[in-house]
Novice: 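Following this message is one structure expressed as structure tokens.
Below, chain A is the first sequence line, B the second, and so on; all start at residue 1.
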Amino acid sequence: MSSPQVRVRFAPSPTGYLHIGGARTALFNWLFARRMGGEFVLRIEDTDGERSRPELIDVIFRALEWLGLDWDGTPVHQSERGHLYSAAIETLLANGDAYWCACSPEEVKARAEARGGTPGYDGHCRERGLGPGVGHVVRFRVADTGTTAFDDLIRGHVSFENANLEDFVVQRSNGSPMFHLANAVDDADQGITHVIRGEDLINVTPKVLLLRHALQAPGELIFAHLPLIVNEKRQKLSKRRDDVSVGDYIDRGYLPEAMVNYLATLGWGPSDGVEIRPLAEIVAMFDVSDVGKSGAFFDVKKLQHFNGEYIRALTVPQFVSRSTRWLFEDAPWPAESFDIATFEVLAPLVQERVKLLAEVPSFVDFVFAAEPTIDEDSWQKVMVKGADLAVAVLDHALVQFADCEWTAAGLDAALFSYAEQHEISKGKVQAPVRVSVTGRTVGPPLFESLVVIGRDETLRRLGSARARL
RNA sequence: GCCCCCAUCGUCCAGCGGCCUAGGACGCCUGCCUUUCACGCAGGUAACACGGGUUCGAAUCCCGUUGGGGGUGCCA
């Protein structure tokens with residue numbers, strides 16, 4: 001009757017914000033679950049009371065929601081399941097699979113150095129028959145011989161010599177469980193079938209396997225270790241040195257569709273080579289065993305390209321609505337001078353020019369600010385080095401714009417009559433007007449911009465710039 | 001040090017023994033379009049780390065070397 005249901009989990013630790021690596025792990029778990037018609041559940045791994053910051057849990061949930069990775073059921077918090085871990089530890093102790101250890105971290109380290117620098121616990125308390133006590137931890141007894149191995153969906157057969165595994169801690173001296181233990185217990189308790197996680201955790205897999213075996217966990221857990229996402233130096237992305245907070249990408253105006261799509265191309269790629277495509281298609285094509293093995297560089301330039309594509313694919317109303325946040329928060333103009341209807345006129349022109357939503361204000365600031373912000377390089381190039389032409393063009397525009405038809409076509413005819421008369425390229429002729437009115441050499445199409453600004457203000461800015469020459 | 005993993009253009013992916021003169025995408029360069037920028041379009045640049053095998057045949061399989069990464073916590 002019950003076909004083997006697939007159930008995967010994303011298990012963030014609330015010691016920081018959701019970062020790019022975590023988002024990718026969550027995404028691949030989600031893709032696998034949705035592809036297999038299984039479940040994707042969340043587990044908050046907050047066994048380390050000192051490092052966990054409860055307030056971050058909600059931040060992580062919101063980032064997942066932003067990405068569109070919906071989860072099944074109610075998230076489980078390890079901090080509320082202490083009894084399960086305690087019971088497991090009791091079992092291990094009772095069966096002789098674990099023992100109490102009174103060695104402090106300093107002692108363990110000192111003995112390791114005395115041995116010749118090989119790190120790790122030496123089994124000092126293995127046969128001492130110790131019981132609970134202040135500063136005592138519980139260690140798992142790893143067999144001295146044999147191997148612990150597993151077949152990874154991505155990496156194939158991976159095996160470890162037990163002799164290279166130390167007797168690791170399963171319960172801290174403060175009584176809280178270590179994550180391997182909580183992990184083994186929860187995966188079994190929650191009926192997890194597949195563990196898809198970063199390769200940085202591949203070395204703890206034998207510990208979890210040993211624990212599961214000792215605890216007689218039912219079924220077999222299938223692992224898939226994802227290649228790490230790396231920085232330009234090909235090192236694992238780090239919160240300290242790299243720009244990895246998903247929240248920061250939200251603030252810069254990346255679209256979640258673009259982020260998720262891009263993340264899906266890191267370590268995996270559709271066989272037909274079409275990278276930018278709807279999530280539903282990715283779900284349909286996804287297969288964990290097709291995931292690559294080597295680290296993938298997080299290329300922001302390529303992410304931006306994806307984002308630009310997604311922005312341009314938006315309808316104009318969608319673009320306007322998605323941009324609003326950047327139009328009101330920290331915008332480079334007084335809030336009261338902003339007018340959404342005016343923005344809507346320019347929106348289509350801005351939409352095809354930005355790669356990030358956060359860039360939107362810089363394309364329309366000259367409309368809402370009292371004065372254009374003059375870009376020095378632009379001014380130098382057009383108004384100083386090209387002063388002669390600038391003077392002539394501005395004088396021409398000042399006259400022509402005073403009574404021409406105030407439409408893009410009317411302005412075009414009025415200004416470019418100068419280009420025709422003097423056989424100068426339109427590009428050169430429009431530059432002084434653009435810099436005078438918008439402050440820069442680049443921006444949305446000029447005449448549409450002037451229409452929005454209005455005749456009076458355009459003439460005022462033209463006159464003001466002319467006076468500076 | 002020890003353990004584990006990895007190795008195709010600068011980057012991401014395709015390639016799963018012959019279809020490879022190695023394909024697509026980003027980036028970069030050139031041109032076209034054009035009132036700037038951007039978009040779009042047309043081109044170009046550029047890779048199977050090295051050495052041995054296996055095979056009629058290897059980017060694809062095996063071994064080694066080199067290089068890179070990860071782990072080595074009473075963090076996860």
Side-chain angles (χ1 to χ4, degrees), chain A residues 11-16 45-48 50-52 101 103-105 108-109 116-121 135-139 152 154-156 158-161 163-166 168-174 176 178-180 182-183 197-206 225 227-228 230 232-236 262 265-276 290 292-306 308 312 349-355 363 378 382 408 411-412 415-416 419 425-431 433-435 438 440-447:
Chain A
S13 178
T15 52
E45 306 220 326
D46 50 358
T47 56
D48 186 345
E50 291 182 17
R51 288 163 170 266
S52 289
C101 168
C103 301
S104 69
V108 171
K109 194 178 175 191
T118 309
Y121 182 65
H136 292 196
V137 299
V138 176
R139 286 184 184 272
D152 191 286
I154 294 170
R155 273 150 228 290
V158 181
S159 122
F160 296 80
E161 294 293 327
N164 290 321
L165 265 27
E166 63 177 321
F168 55 92
V169 174
V170 291
Q171 183 180 79
R172 300 186 181 90
S173 57
N174 68 4
S176 64
M178 286 290 289
F179 101 106
H180 325 89
N183 229 269
R197 54 179 6 175
E199 197 199 345
D200 50 341
L201 290 169
I202 200 166
N203 294 301
V204 313
T205 305
H225 286 93
L228 259 23
V230 302
E232 58 288 334
K233 291 155 94 172
R234 305 215 66 82
Q235 296 166 317
K236 175 171 96 161
Y262 175 66
T265 68
L266 258 28
W268 179 84
S271 49
D272 63 6
V274 179
E275 297 184 311
I276 296 181
D290 285 339
K293 299 173 183 171
S294 42
F297 172 57
F298 186 70
D299 187 350
V300 178
K301 282 223 180 110
K302 188 158 182 179
L303 204 213
Q304 285 190 1
H305 174 260
F306 273 44
R312 274 175 254 122
L349 304 175
V350 175
Q351 182 177 3
E352 63 179 20
R353 289 174 167 73
V354 295
K355 283 197 164 83
F363 277 81
S378 297
V382 177
L411 287 161
D412 182 304
L415 181 62
F416 291 147
S425 76
K426 293 177 175 181
K428 282 192 164 45
V429 172
Q430 59 94 43
V433 175
R434 180 181 291 282
V435 173
T438 73
R440 302 187 196 89
T441 52
V442 302
L446 184 59
F447 304 124

Novice: What is the distance from NZ of K301(A) to P of C26(B), rounded to the nearest Å?
Specialist: 13 Å

Novice: In the structure shown, which nucleotide is the Watson-Crick or G-U wobble counterpart of G1(B), with both distances under 3.5 Å?
Specialist: U72(B)

Novice: Could you go over nucleotides 4-8 of chain B and give all protein N or O partners under 3.5 Å, atom names and distances?
Specialist:
residue: C5(B); atom: O2'; partner: R155(A); partner atom: NH1; Å: 2.8
residue: C5(B); atom: O2'; partner: E199(A); partner atom: OE2; Å: 2.6

Novice: What is the base-pairing partner of U21(B), counting Watson-Crick and G-U wobble geometry with both distances under 3.5 Å?
Specialist: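 By the stated definition (distances under 3.5 Å), nothing pairs with U21(B).
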
Novice: Measure from the side chain of M178(A), starting at C-beta and using heavy atoms only, and say which of G71(B), U35(B), G73(B) lies closest.
Specialist: G73(B)

Novice: Return the value, rounded to whole Å, for the distance between atom CG of L349(A) and atom P of U36(B).
Specialist: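 Going from CG in L349(A) over to P in U36(B) covers 14 Å.
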
Novice: In whole Å, I'd like the distance from the CD atom of E232(A) to the P atom of C12(B).
Specialist: 12 Å

Novice: Only pairs with both distances under 3.5 Å count, Watson-Crick or wobble alike; so what is the partner of G64(B) in this structure?
Specialist: C50(B)

Novice: So which nucleotide from C26(B), G69(B), U35(B) ends up closest to the side chain of Q235(A)?
Specialist: G69(B)

Novice: Could you check which nucleotide pairs with C28(B) in any of the strands shown, counting Watson-Crick or G-U wobble with both distances under 3.5 Å?
Specialist: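 With both distances under 3.5 Å, C28(B) matches G44(B).
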
Novice: Restricting to non-hydrogen atoms, name the atom on S294(A) and the atom on P227(A) that form the minimum distance, rounded to 0.1 Å.
Specialist: O-CB, 3.2 Å

Novice: Starting from C1' on U34(B), measure out to NZ on K428(A) and report it in whole angstrom.
Specialist: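 Those two atoms, NZ and C1', are 14 Å apart.
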
Novice: Please report, rounded to the nearest Å, how far the P atom of A76(B) is from the CG atom of N183(A).
Specialist: 9 Å

Novice: Would you find a donor on one side and an acceptor on the other, under 3.5 Å apart, between the side chain of R155(A) and the backbone of K293(A)?
Specialist: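 Checking the backbone N and O of K293(A) against the side chain of R155(A), a donor-acceptor pair under 3.5 Å is found.
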
Novice: Using the side-chain heavy atoms of Q430(A), tell me which of these nucleotides is nearest: G24(B), U35(B), G73(B).
Specialist: U35(B)

Novice: Under 3.5 Å, side chain of S52(A) to main-chain N/O of P14(A), donor-acceptor pair present?
Specialist: no

Novice: If you find the nucleotide of RNA chain B closest to H180(A) and the one closest to F298(A), which residue's nucleotide is nearer the 5' end?
Specialist: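 Result of the comparison: F298(A).
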
Novice: Are any of K109(A)'s side-chain N or O atoms less than 4.0 Å away from OP1 or OP2 of G73(B)?
Specialist: no

Novice: CZ of F297(A) versus P of G68(B): gap in Å, rounded?
Specialist: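 So the two atoms are 18 Å apart, to the nearest Å.
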
Novice: Nearest to the R434(A) side chain among U35(B), G1(B), C26(B), which nucleotide is it?
Specialist: U35(B)

Novice: For Q430(A) and G427(A), indicate whether the former's side chain and the latter's backbone hold a donor-acceptor pair under 3.5 Å.
Specialist: yes

Novice: Report yes if a side-chain nitrogen or oxygen of K302(A) is closer than 4.0 Å to either non-bridging phosphate oxygen (OP1 or OP2) of C26(B); otherwise report no.
Specialist: no

Novice: Distance between the P atoms of A22(B) and G31(B), in whole angstroms?
Specialist: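 Per the computed distance, 27 Å lies between those P atoms.
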
Novice: R234(A) CZ to G67(B) P: how many Å, rounded?
Specialist: 17 Å

Novice: Tell me if a side-chain donor or acceptor on E166(A) pairs with a main-chain N or O of Y121(A) at a distance below 3.5 Å.
Specialist: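 Looks like yes, one N/O pair under 3.5 Å.
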
Novice: Can you give one letter per nucleotide of nucleotides 37-45 of chain B, going 5' to 3': B for a protein heavy atom under 4.0 Å from the base, S for sugar-phosphate only, - for none?
Specialist: BBSS-----

Novice: Side-chain contact test, heavy atoms from C-beta onward, threshold under 4.5 Å: evaluate it for T205(A) versus H225(A) and give yes or no.
Specialist: yes

Novice: How far does the C1' atom of C19(B) sit from the matching atom of A14(B), given to the nearest Å?
Specialist: 14 Å

Novice: Given atom CZ of F168(A) and atom C1' of C3(B), what is their separation to the nearest angstrom?
Specialist: 15 Å

Novice: Does the R234(A) side chain pair with the main chain of V230(A), one donor and one acceptor, at a distance under 3.5 Å?
Specialist: no

Novice: Rounded to whole angstrom, note down the P distance from G27(B) over to A76(B).
Specialist: 41 Å

Novice: Between D299(A) and K302(A), is there a salt bridge with N-O shorter than 4.0 Å?
Specialist: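 Salt bridge flag = no for D299(A) with K302(A).
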
Novice: Which nucleotide in the set U35(B), U72(B), G70(B) lies at the smallest distance from any side-chain heavy atom of P119(A)?
Specialist: U72(B)

